[in-house]
Chemist: 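Mind looking over this structure? Questions follow.
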Amino acid sequence: MITIEASNIYLGGGYILLEELVKTLESKRIVSKIYVGYDIVYSKLSAFGFQYIYIIKTTTLNTLFRYFVTKSNTLYFCSLPPFRKSPNSIVYSHNPHILIRPSFSISNMKYILYYYWVKYFGRNTDFFACQTDSVARKIQALGYKVRLMPFYVKTNRLDVVKQYDFCYISTVAPHKNHNRLFDAIETVIQEGYNFTIAVTIRDSQANKHLIDKINIINNKANREVIVNKGFVSRFEVEFILNSSYTLFFPSLTETFGLPIAEALSCGLGVIASDRPYVYNLMANPVVFDPENTQSIANAIIKHLNGENKFVNQTLLVEDKIEELIGILNK
């Protein structure tokens with residue numbers, strides 16, 4: 001039996017990877033226990049009606065207790081190692097921020113705690129796994145064994161009509177950079193360009209400022225430039241990607257950049273931030289400065305003018321999900 005500790009996984013890229021991992025385990029008929037902490041994650045995974053997978057709702061306290069118990073064949077999917085030796089087990093590291101000690105401040109206390117958690121208990125599993133070279137180097141600097149074992153959801157190519165010049169599939173967080181993107185879109189509209197971009201912003205009070213901004217931009221343009229699809233399912237993600245010509249990805253920081261892998265796997269071009277995660281993922285990236293609104297606008301304009309027509313982009317990472325499961329299932 002395989003155990004996966006995923007109590008801190010919420011929505012977004014972490015959940016997508018967890019779902020892909022669990023579906024693969026089910027397809028292989030490998031009996032597994034998956035510990036999750038959020039009601040929405042429990043509900044979404046339970047809805048699949050798995051036969052070989054046990055989805056278990058847990059709490060922070062219960063998770064801490066389990067971390068003091070010696071277990072084997074366990075994937076610690078929440079970036080943190082157990083407090084007791086766990087043979088034939090792996091820490092899967094998503095969060096590079098806890099691999100370098102932050103400067104002291106009250107707001108950084110959680111990350112300081114996590115840093116020392118990793119530093120002093122990292123040898124309690126066989127090795128760390130991660131998705132990119134940059135994260136691997138941080139783990140190696142702490143003196144631990146690490147393997148690059150990225151995996152991602154392969155997106156099918158669908159025979160659908162192209163509706164959008166661009167899409168940006170992302171949850172909402174400050175580093176996702178929606179505000180600068182929308183400011184850049186306003187600039188491009190003022191330059192007289194006609195285009196559409198699909199985004200996926202959940203309609204909630206927390207996101208009201210972005211929803212309002214979309215409405216203002218569309219009203220000024222007298223057309224729907226930004227098409228907000230709201231919170232979308234996996235199938236809807238696949239449909240949006242296939243309905244778009246290009247993925248536009250202005251995120252300031254990512255541990256992997258899952259939408260880029262998904263877009264390239266179904267034949268889209270990608271325009272993305274000039275950041276290390278982009279170069280780790282793809283050959284021949286087309287990039288811009290994500291902290292400069294004019295640079296973002298220029299990237300949109302150049303693409304609309306056909307300057308990226310002959311750029312041949314390919315995905316550089318190999319999917320290691322089979323290898324990961326094979327190690328845990330020994």
Side-chain angles (χ1 to χ4, degrees), residues 1-95 98 114 117-118 121-131 135 139 144-154 233-234 255-256 258 319-330:
M1 177 183 286
I2 289 175
T3 300
I4 299 178
E5 290 285 353
S7 59
N8 72 334
I9 299 297
Y10 188 52
L11 301 179
Y15 172 78
I16 291 168
L17 292 178
L18 178 63
E19 183 182 298
E20 180 71 3
L21 183 57
V22 173
K23 284 180 176 178
T24 305
L25 290 168
E26 173 75 6
S27 70
K28 294 178 175 296
R29 300 183 177 185
I30 298 173
V31 177
S32 304
K33 293 189 297 186
I34 319 296
Y35 288 99
V36 300
Y38 291 95
D39 289 335
I40 190 169
V41 174
Y42 176 80
S43 297
K44 286 171 73 71
L45 291 178
S46 297
F48 288 104
F50 296 121
Q51 291 185 334
Y52 299 92
I53 309 294
Y54 298 94
I55 310 298
I56 304 168
K57 178 70 169 58
T58 189
T59 64
T60 300
L61 186 59
N62 285 337
T63 299
L64 285 172
F65 283 147
R66 289 194 306 279
Y67 268 53
F68 279 103
V69 176
T70 298
K71 297 198 295 285
S72 61
N73 304 84
T74 299
L75 179 65
Y76 293 91
F77 203 57
C78 6
S79 301
L80 297 168
F83 299 122
R84 298 285 295 274
K85 190 70 177 175
S86 184
N88 200 52
S89 296
I90 302 168
V91 177
Y92 204 96
S93 185
H94 304 275
N95 189 349
I98 65 174
Y114 288 160
W117 186 334
V118 173
F121 297 100
R123 288 187 174 81
N124 284 340
T125 61
D126 292 10
F127 62 89
F128 283 73
C130 65
Q131 296 164 303
V135 175
I139 296 168
Y144 298 134
K145 297 177 182 177
V146 60
R147 296 189 195 179
L148 278 174
M149 304 187 81
F151 63 96
Y152 52 90
V153 181
K154 296 179 181 67
S233 66
R234 280 304 310 156
T255 55
F256 185 64
L258 183 60
D319 191 314
K320 296 291 186 73
I321 194 168
E322 298 285 343
E323 183 180 346
L324 179 66
I325 291 173
I327 292 170
L328 293 167
N329 197 40
K330 287 180 182 176

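Just so it is clear, the model here is predicted, and its values are computed rather than measured.
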Chemist: Which residue, Ile325, Thr24, Ile321, forms the side chain to side chain contact (heavy atoms under 4.5 Å, CB included) with Phe151?
Modeler: Ile321
Chemist: Indicate the atoms forming the closest heavy-atom contact of Leu64 with Phe68, along with that distance.
Modeler: O-CD1, 3.1 Å
Chemist: Evaluate whether atom OH of Tyr42 has more than 12 neighbouring non-hydrogen atoms of other residues, nucleotides or ligands under 6.0 angstrom away.
Modeler: no
Chemist: Compare all side-chain heavy atoms of Tyr15 with those of Val41 and state whether any distance is below 4.5 angstrom.
Modeler: yes
Chemist: Quick one about Arg66 and Thr3 (side-chain donor to acceptor, distance below 3.5 Å, no hydrogens or angles considered), yes or no?
Modeler: no
Chemist: Measuring from atom CG of Leu258 to atom CD1 of Ile16, what distance do you get when rounded to the nearest 0.5 angstrom?
Modeler: 5.0 Å
Chemist: Could you check Tyr152 against Gln131 for side-chain contact (heavy atoms from CB on, under 4.5 Å), going step by step and ending with a plain yes or no?
Modeler: CA-CA 10 Å; Tyr152 52 90; Gln131 296 164 303; over 6 Å; no
Chemist: Any carboxylate oxygen within less than 4.0 angstrom of a Lys/Arg side-chain nitrogen, looking at Arg234 and Glu20?
Modeler: no
Chemist: Side chains of Ile4 and Ser32, heavy atoms from C-beta outward: is any pair under 4.5 Å?
Modeler: no
Chemist: Is the number of heavy atoms from other residues, nucleotides or ligands within 6.0 Å of OH (Tyr114) greater than 12?
Modeler: no
Chemist: If you measure from CG on Leu45 to CD1 on Ile55, what distance do you get to the nearest 0.5 Å?
Modeler: 4.5 Å
Chemist: Taking everything shown except Phe48 itself, do over 12 heavy atoms lie less than 6.0 Å from its CZ?
Modeler: yes
Chemist: Can you tell me if NZ on Lys145 sees more than 12 non-hydrogen neighbours from other groups inside 6.0 Å?
Modeler: no
Chemist: Using 0.5 Å steps for rounding, measure from the CG atom of Asn62 to the OG atom of Ser7.
Modeler: 10.0 Å
Chemist: Looking at residues at least two apart in the chain, or sitting in another chain, which of them share a side-chain contact (heavy atoms from CB on, under 4.5 Å) with Ser86?
Modeler: Lys71, Thr74, Tyr76, Pro82, Ser89, Thr125
Chemist: Consider ring-ring contact (aromatic ring centres under 6.0 Å, His included). Of Phe77, Phe128, Phe256, which one does His94 pass it with?
Modeler: Phe77
